[in-house]
Amino acid sequence: KEMSFFEKWEAAMGNKDLDALMELMHPEWTMVMHSSGKVINRDDYKQMIGQVVVSGKLTRNDVRCIYENDDIMVEHAMVTFPNGSTDAVLVVMTLKDGKVFRTETGSTPLNK
């Protein structure tokens, strides 16, 4: 059985494999940053977020797939950021051609 998109994405994240993550991202991928509304592209991701994930400065726990089909993947995780804050993060990935095309997140701070 072929791995689901969620399984492929989580394998790449778990292995801190930036090249594998980039391979799963559509060339026209964009993400809306929930904190600022800024839209970033694949190059931005590779430089900013990808490096944080690969370095281990951002950790994800209790990751689970809420829903997935050929068009969308929704996951939830507890994320600890480099500044030490922990958020409950909902990630929605729109899929196109078997790759993530657009990512949006919603984040709820858990630290007081």
Any chance you could lay out the side chain to side chain contact (heavy atoms under 4.5 Å, CB included) test for L95 and I72, step after step, and finish with the verdict?
CA-CA 5 Å; L95 306 176; I72 194 168; 5.7 Å; no

Can you confirm whether K46 sits close enough to L18 that some side-chain heavy atom of one is under 4.5 Å from a side-chain heavy atom of the other?
yes

Considering all heavy atoms, the nearest M3-A11 contact:
CE-CB, 4.2 Å

Cluster question for you: counting only ILVMFWY and a side-chain heavy-atom cut-off of under 4.5 Å, with indirect links fine, are V32 and M48 together?
no

Worked check of side chain to side chain contact (heavy atoms under 4.5 Å, CB included) between F101 and E28
CA-CA 7 Å; F101 182 72; E28 297 170 25; 3.9 Å; yes

Among N41, T94, D44, T103, which one satisfies side-chain hydrogen bond (donor to acceptor under 3.5 Å, both in side chains) with W29?
T103

Go through the structure and list residues passing side chain to side chain donor-acceptor pair (under 3.5 Å) with R42, not counting sequence neighbours.
none

Residues passing the salt bridge (charged side-chain N to carboxylate O under 4.0 Å, His left out) test with E68, sequence neighbours excluded, are none

Decide yes or no for F6 and V63: does some side-chain heavy atom of the first lie under 4.5 Å from some side-chain heavy atom of the second?
yes

Hydrophobic clusters here meaning ILVMFWY residues chained together by side-chain heavy-atom distances under 4.5 Å, can you tell me if M25 and V39 are in one?
no

Using a cut-off of 6.0 Å, state whether more than 12 heavy atoms not belonging to N83 lie near its atom CG.
yes

Working note: Y45 + D43, criterion side-chain hydrogen bond (donor to acceptor under 3.5 Å, both in side chains); need CA distance, chi angles, decisive distance, verdict.
CA-CA 5 Å; Y45 181 92; D43 292 336; over 6 Å; no

Could you walk me through whether L21 and M13 pass the side chain to side chain contact (heavy atoms under 4.5 Å, CB included) check?
CA-CA 7 Å; L21 288 171; M13 289 291 276; 3.7 Å; yes

Side-chain heavy atoms of R64 within contact of I66, under 4.5 Å
yes

On a heavy-atom basis, the closest approach of V52 and P82 is CG1-CG, 3.6 Å

Below 4.5 Å, heavy atoms only, C-beta onward: do L90 and T105 meet side chain to side chain?
no

Is the shortest side-chain heavy-atom distance between L110 and D87 below 4.5 Å?
no

Would you compute the distance between atom CG of D71 and atom NZ of K96 and round it to the nearest 0.5 angstrom?
11.5 Å

Pairing of K8 and E10 as salt bridge, 4.0 angstrom limit:
no

Before accepting this row, confirm whether a basic side-chain N of the pair E75/R60 lies closer than 4.0 Å to the acidic partner's carboxylate O.
yes

Run the salt-bridge test on E23 and K99 with the 4.0 Å N-O cut-off and return the result as yes or no.
yes

Measure across E7 and S4 and return the closest heavy-atom pair with its distance rounded to 0.1 Å.
OE1-N, 2.7 Å

Within the structure provided, determine whether T80 and T59 are in side-chain contact (heavy-atom separation under 4.5 Å).
yes

Less than 4.5 Å apart, side chain to side chain, heavy atoms only: is that true for C65 and V74?
no

If you compare all heavy atoms of V100 against all heavy atoms of W9, which two are closest, and at what distance to 0.1 Å?
CG1-CZ3, 4.2 Å

D17 side chain to D19 main-chain N or O, any donor-acceptor pair under 3.5 Å?
yes

Do M93 and R102 make a side-chain contact, defined as non-hydrogen atoms from C-beta onward lying under 4.5 Å apart?
no

